[in-house]
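Structure record follows, encoded as structure tokens.
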Amino acid sequence: MGPEHLSARDAVQQAAEQAAEQAAEYVARTSYGRLVARLAASTGDLALAEDALSGALEEALRRWPGDGVPDNPEGWILTVARNRQRDVWKSSAHRTGRPLEQAEHVPTVETGATDPGDLDLDAVGDRRLELMLVCAHPAIDPAVRAPLMLQSVLGIDAARIARVFAVAPSAMAQRLVRAKKRIRAARVPFAIPDRSVLAERLPAVFEAVYGCLAAQWDDDAAAVDSLAGEAQYLAVTLAALLHDEPEAWGLAALTTFTLSRARAAEAPYIPLDEQDPADWDGDLIAEAETYLRRTASARAPGRFALEAAIGAVHAARRRTGVLDLAALRTLYDALVIVAPTLGAQVARASVVGRTDGPEAGLALLADLDGATFQPWHAARADLLARAGRTDEAAAAYRRAAELSDDPRVAEFLLRRGREGS
């Protein structure tokens with residue numbers, strides 16, 4: 001057989017490997033949380049479920065190039081992962097630690113839970129929300145509940161989660177491992193609890209879905225779109241499950257506004273107020289506005305309703321062509337009262353700098369401890385440039401670029417610094 005035949009065979013093999021890799025990556029990106037939840041639901045062993053799924057994905061990469069990608073890749077991977085779980089269950093080491101019959105038991109209601117009442121269990125098309133509620137169980141350290149959801153339900157790696165929560169990657173990884181062991185040891189059941197228990201767990205679930213929006217915006221456009229879509233799906237499903245919880249609808253509105261702009265997140269980076277609103281999804285904006293109206297029943301708007309309202313102000317520019325800075329100022333004033341996070345205070349200072357003058361905004365920033373907070377330096381750089389303090393602005397832009405994890409954002413900031421010098 002001549003070299004040309006070997007080359008053709010190699011090309012076919014390379015194409016098969018590429019097809020297998022793309023299919024496996026698609027399942028991992030779009031179905032990770034759904035598969036982990038289904039695998040862990042019967043055992044309560046979250047770490048085993050993740051290991052089994054990882055092993056199944058690796059097996060897919062080995063077998064699919066030769067066998068071909070199956071018609072139902074997700075089902076194939078789930079079956080292989082379940083077989084891997086059974087191998088562990090049947091091992092003598094595992095049997096001595098946990099009986100097989102116990103491992104195969106699937107709890108249907110939470111221990112001590114009463115009738116779920118008006119909670120529609122069928123509204124959860126898969127078990128991801130159940131897994132999120134497991135991660136929010138009182139047996140789990142409150143500080144790790146949302147990070148655990150981001151990893152186990154959304155498939156975000158520990159290093160990226162650590163950046164979102166401003167924690168050292170090694171410390172975050174250790175916390176996540178301990179939390180998974182705790183779920184198994186405490187035999188936390190996978191179930192939708194009644195409302196009296198559910199209320200205690202919702203804040204962590206809300207925080208995780210919200211954190212999803214901030215966790216992966218430095219990835220390629222397909223990943224951004226996928227992750228924003230996952231957050232939006234979970235938020236809308238949760239809101240529908242709760243029926244009349246204003247903050248759940250606020251989160252649904254916020255994630256939908258964010259998703260409407262996801263495709264505009266492609267390189268190069270463009271700040272939100274400089275993007276062309278014509279690139280945003282008008283249908284999703286209308287959907288988000290519908291959800292936002294569901295928050296009107298609250299006595300006072302909560303954090304997510306306020307952030308969704310801020311999103312609505314930006315979205316309105318698609319119709320009016322004008323950004324209503326006065327409305328943003330009012331909403332951020334309210335937000336820093338309800339949720340005085342550093343991010344909210346920096347955003348408020350930036351808006352004040354545009355309504356009351358850059359020096360007013362800079363004065364607010366000076367009162368904040370933002371030495372290692374990238375948005376603080378970016379906001380300060382912008383306000384310094386607006387104030388005509390070009391040398392200081394250039395230095396601030398450079399520092400903001402140094403602190404950015406996204407090369408596109410860093411390039412934009414450095415360019416702004418050069419343009420103003």
Side-chain angles (χ1 to χ4, degrees), residues 142-144 146-147 150 156-175 207 210-219 269-274 303 306-307 310 328-329 331-421:
V144 80
L150 289 175
I156 301 173
D157 63 84
R160 194 179 301 278
I161 295 170
R163 289 202 298 270
V164 172
F165 290 90
V167 175
S170 58
M172 179 59 72
Q174 291 173 0
R175 293 178 190 178
E207 183 181 357
Y210 181 79
C212 177
L213 297 178
Q216 211 166 5
W217 285 92
D218 57 342
D219 279 349
Y269 170 78
I270 302 174
L272 177 59
D273 60 355
E274 296 180 22
R303 172 188 180 184
L306 288 169
E307 294 210 28
I310 290 169
L328 286 182
R329 167 71 183 271
L331 289 168
Y332 274 116
D333 285 346
L335 181 61
V336 297
I337 294 173
V338 173
T341 64
L342 181 56
Q345 293 181 77
V346 167
R348 176 177 177 266
S350 182
V351 172
V352 168
R354 297 179 65 176
T355 58
D356 297 8
E359 296 296 345
L362 288 167
L364 291 175
L365 288 177
D367 292 334
L368 303 176
D369 182 10
T372 60
F373 190 55
Q374 192 271 347
W376 184 90
H377 289 275
R380 181 170 177 271
D382 176 71
L383 293 176
L384 286 168
R386 291 177 185 275
R389 296 159 62 175
T390 54
D391 290 343
E392 294 174 88
Y397 275 123
R398 287 194 296 271
R399 180 56 179 154
E402 291 171 357
L403 292 172
S404 176
D405 294 322
D406 186 342
R408 299 175 307 120
V409 174
E411 181 182 354
F412 166 82
L413 293 168
L414 291 173
R415 185 172 67 252
R416 280 287 167 93
R418 291 192 298 269
E419 290 172 352
S421 60

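Remember, it's a predicted structure, so these values are computed and weren't measured experimentally.
Scanning all heavy atoms of the two residues, the minimum distance from L335 to R303 falls at CD1-O, 3.9 Å. Taking both residues in full, the closest heavy atoms of A410 and S404 are given as N-OG, 3.9 Å, listed atom of the first, atom of the second, then distance. Minimum heavy-atom separation, V346 to A379: CG1-CB, 3.8 Å. Nearest heavy-atom pair across G417 and A394 is O-CB, 4.0 Å. The two residues P169 and A159 come nearest to each other via the heavy atoms CB-CA, 4.4 Å. Between L413 and A401, the closest heavy-atom pair is CD1-N, 3.7 Å.
A donor-acceptor pair under 3.5 Å is formed between the side chain of W376 and the backbone N or O of L365. No donor-acceptor pair under 3.5 Å is formed between the side chain of H377 and the backbone N or O of Y397.
Evaluation of the salt bridge (Lys or Arg N to Asp or Glu O under 4.0 Å) rule for R386 yields D382 as partners, not counting sequence neighbours. Taking R389 as the reference, E359, E392 meet the salt bridge (Lys or Arg N to Asp or Glu O under 4.0 Å) condition, with sequence neighbours excluded.
The number of heavy atoms from other shown groups lying within 6.0 Å of CG (D367) is above 12.
Counting heavy atoms from C-beta on, the side chains of L364 and Q345 never come closer than 4.5 Å. For the pair Y332 and S350, the minimum side-chain heavy-atom distance is 4.5 Å or more. Two residues are said to be in side-chain contact when any heavy atoms from C-beta on lie closer than 4.5 Å; R175 and P147 fail this criterion.
Sequence neighbours left out, the pairs with a member in residues 336-356 that pass salt bridge (Lys or Arg N to Asp or Glu O under 4.0 Å) are D273-R354, R329-D356, D333-R348.
Separation of atoms CD1 (I156) and CD1 (I161) is listed at 6.0 Å; rounding is to 0.5 Å. To the nearest 0.5 Å, atom CG of residue L403 and atom OG1 of residue T372 are 7.5 Å apart. Here CG of L331 is found 5.5 Å from CD1 of I310. Values are rounded to the nearest 0.5 Å.
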Original post:
Where do E207 and F165 land on the side-chain contact (heavy atoms from CB on, under 4.5 Å) test, with the steps shown first?
Top reply: CA-CA 11 Å; E207 183 181 357; F165 290 90; 3.3 Å; yes

Original post:
So R408 and E411, side-chain contact (heavy atoms from CB on, under 4.5 Å) or not? Walk me through it.
Top reply: CA-CA 5 Å; R408 299 175 307 120; E411 181 182 354; 5.6 Å; no

